[in-house]
Amino acid sequence: ARAEEDTLDPWQGANLQEIKRRYQHQRAVPGPLVERLARACTECSMTWRQARRDNDFVRIRPLLQRVVELVREQAQHKAEALALSPYDALLDEYEPGARAETIAPLFDRLLEVLPRLTAEVIERQDEPLPLGGPFSLEKQRAVGLQVMEAIGFDFDRGRLDVSTHPFCDGAAGDVRITTRYSEANFTESMMSTIHETGHALYEQGLPVQWHFQPVGHARSMAMHESQSLLVEMQACRSREFLGWLAPILRRTFGGSAPAWSTDNLYRHYRRVERGLIRVDADELTYPAHVILRFRLERALVAGELSVADLPAAWNEGMQQLVGITPPDDRDGCLQDIHWMDGTLGYFPTYTLGAMTAAQLYEAALRDLPGIPAAIGLGDFGPLRGWLREKIHVRASSVSGEQLVIDGTGEIERPAVDALPAPSEPASDHGDALDRPDEVDVDDDVLPAPWEPAFDHDDDLDGLLEVSSPL
């Protein structure tokens, strides 16, 4: 077997390694435990919907306790099979090779800088002028399609539809993305569409010849998130892009300056404020939300935190890290579905993806300084071509770390060094860190924007949806 493996070319060898990795994860967990966990997660996540609406943690507590107990058991089996700690064994499934002992110092570095930087930005930022409304759903869709086309979405191999949760999914050669529209606010649906288009570009750029093999899939959760965030946060919240978009919006919605100026749109899309809800958080405060969950889920898996003590630990952590205390559990520890569905070990990938996005975009600008000017003309070709070459076509042929090293020419340095040191004065927050999630309302949580979204049935007050066949 070893002799045969030595005859494989690099892609074949990488494919074999991916097959082995997936097999090890699946084989490590006994079948009966897989069934018990699936049943417990289904019951807990279904009950969570109503429990969150009713702000009823007591109702969900025994079900969540059962899920956590089973996840601990699952993690222990994987840890023994993979020679990892229990938490790392869970994390490895979502982000191969990632380890908590490496992630924790990166997150600590962020916490040395972001709270002070956040306070200074909040104090200095200007209040954006209101944009008015209502905004026609049909016109929002038309603008979204125009932006998708400019970014490079291939409509011969995909389509746009509507769902409660924006997501990207599909099969080889048929990539589906969804968005949602509100007559009261077009800015959220716009960036949601752009975010999912970033995911879709990655899927549409994967090597066709390896579509049905593990090596042909996207590298990891963090790498996938980096692609959507690079397009949304780095490229499409830039002044250049908004300068291109502003006249299109004025013509479409009949707006006029100064509310519809590039500067005012920039203030809308870059606004920073402390909030309770992770998916609504801005680019500076979002990492604190993720770090809180990272710390709590590590403690849950290790048995250092009981489910009964979760609300208090959550509130204490929110005050310490974000600077705000939830008034209830609905907007506290009940806001995410991840743990209810047994998805522990996932949260770090959001901020890791945002960090990677910032580093990759910085490298793209070094290689192609004309990218911002091209985006200002609605031309994403230079950026798209760079991403195709450096990330998309390489799929899972190398590790995520190696992709970053090869793409940037330096060891993985996920944007931490781009932040001012604690002793330095803070400057405009700019693009240093980007928020790793779609814009969403507080009833919704997207566990993996590039996979099918969890099917929530939350009441979404003010959300108007229409079917959008393409």
Side-chain angles (χ1 to χ4, degrees), residues 110 113-114 117-118 121 125 128 144 147-148 150-153 166 168 177 179 187-202 221-245 262 265-273 275 278-290 349-365 371-372 374-376 380 383-384 386-387 390-391 404 407-408 413-416 418-419 427-440 446 448-450:
L110 291 178
V113 176
L114 289 182
L117 187 58
T118 298
V121 170
Q125 67 187 353
V147 171
M148 288 173 64
I151 293 172
F153 185 87
C168 176
I177 74 170
T179 191
T187 59
E188 294 182 353
S189 66
M190 175 61 65
M191 284 302 161
S192 174
T193 300
I194 290 171
H195 184 100
E196 300 310 326
T197 301
H199 283 301
L201 285 187
Y202 193 7
M221 298 292 193
M223 187 57 67
H224 224 306
E225 193 66 24
S226 79
Q227 298 307 286
S228 62
L229 287 168
L230 191 153
V231 172
E232 178 200 352
M233 288 293 188
Q234 307 292 335
C236 292
R237 292 182 190 256
S238 67
R239 290 186 183 275
E240 291 83 3
F241 173 77
L242 293 172
W244 173 78
L245 182 64
T262 299
L265 289 173
Y266 188 81
R267 285 192 287 270
H268 273 281
Y269 282 118
R270 288 294 187 183
R271 184 160 181 78
V272 173
E273 60 184 334
R278 175 184 61 87
V279 297
D280 287 341
D282 55 79
E283 58 186 339
L284 286 185
T285 61
Y286 188 93
H289 289 267
V290 172
T349 66
Y350 287 127
T351 290
L352 293 175
M355 291 174 163
T356 301
Q359 187 175 353
L360 289 174
Y361 192 66
E362 181 183 33
L365 296 188
I371 283 176
I375 290 174
F380 281 77
L383 176 60
R384 187 172 61 250
W386 191 92
L387 292 173
K390 303 296 184 180
I391 303 297
V404 174
T408 66
R413 177 191 52 76
V416 175
L419 296 171
S427 59
D428 187 352
H429 65 286
D431 296 335
L433 270 179
D434 289 320
R435 175 181 54 79
D437 259 306
E438 306 58 7
V439 179
D440 206 337
L446 287 176
W450 54 282

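Reckoned from all heavy atoms, side chains included, excluding hydrogens, waters and symmetry mates.
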Reported CZ-to-CG distance for the pair Arg271 and Asp282, which is rounded to 0.5 angstrom: 9.5 Å

Where do Val404 and Met223 land on the side-chain contact (heavy atoms from CB on, under 4.5 Å) test, with the steps shown first? CA-CA 9 Å; Val404 174; Met223 187 57 67; 4.1 Å; yes

Minimum heavy-atom separation for Ile177 and Ala200, please, with both atom names. CG2-CB, 3.7 Å

With sequence neighbours left out, the residues meeting ring pair (Phe, Tyr, Trp, His ring centres under 6.0 Å) with Trp244 are Phe241

Could you tell me the separation between the CG atom of Leu201 and the CZ atom of Phe380, rounded to the nearest 0.5 Å? 9.5 Å

Tyr202 vs Leu387, test: side-chain contact (heavy atoms from CB on, under 4.5 Å). Steps then yes/no. CA-CA 8 Å; Tyr202 193 7; Leu387 292 173; over 6 Å; no

Without swapping roles, check the side chain of Ser192 against the backbone of Glu188 for a donor-acceptor pair under 3.5 Å. no

Using modelled atom types only, decide if a donor and an acceptor are shared between the side chain of Gln125 and the backbone of Val272 within a distance under 3.5 Å. yes

Pairwise side-chain contact, Leu383 with Leu230, heavy-atom cut-off 4.5 Å (strictly under): yes

Quick one: is the NZ or CZ of Arg237 closer than 6.0 Å to the six-membered ring centre of Tyr269, and within 45° of its axis? no

Ignoring hydrogens, what is the shortest heavy-atom contact between Gly353 and Leu229? Give both atom names and the distance. C-CD1, 4.2 Å

Can you check side-chain contact (heavy atoms from CB on, under 4.5 Å) on Leu265 and Leu245, steps first, answer last? CA-CA 9 Å; Leu265 289 173; Leu245 182 64; 5.5 Å; no

Atom pair CD/OG1 of Glu240 and Thr262 - distance to nearest 0.5 Å: 10.0 Å

Which atoms form the tightest heavy-atom contact between Gly152 and Arg384, and what is the distance? CA-NH1, 3.5 Å

Looking at every heavy atom in both Leu365 and Pro372, which two are closest together, and how far apart are they? CD2-CD, 3.6 Å

Donor-acceptor pair, Glu232 side chain versus Ile194 backbone, under 3.5 Å? no

Which heavy atom of Thr193 sits nearest a heavy atom of Gly144, and at what distance? CG2-O, 4.3 Å

Taking the side chain as every heavy atom from C-beta outward, state whether Met191 and Met233 have any pair of such atoms under 4.5 Å apart. no

Using 0.5 Å steps for rounding, measure from the OH atom of Tyr350 to the CZ atom of Arg278. 5.0 Å

Derivation of the side-chain contact (heavy atoms from CB on, under 4.5 Å) call for Glu225 and Thr356: CA-CA 9 Å; Glu225 193 66 24; Thr356 301; over 6 Å; no

What closest approach, in Å, do Cys236 and Leu242 show between heavy atoms, and which atom pair accounts for it? O-CD2, 4.0 Å

Glu362 side chain near Thr408 side chain, heavy-atom distance below 4.5 Å: no

Evaluate the side-chain proximity of His199 to Val231: yes if any heavy-atom separation is below 4.5 Å, no if none is. no

Indicate yes or no: at least one non-hydrogen side-chain atom of Val147 is less than 4.5 angstrom from one of Thr197. no

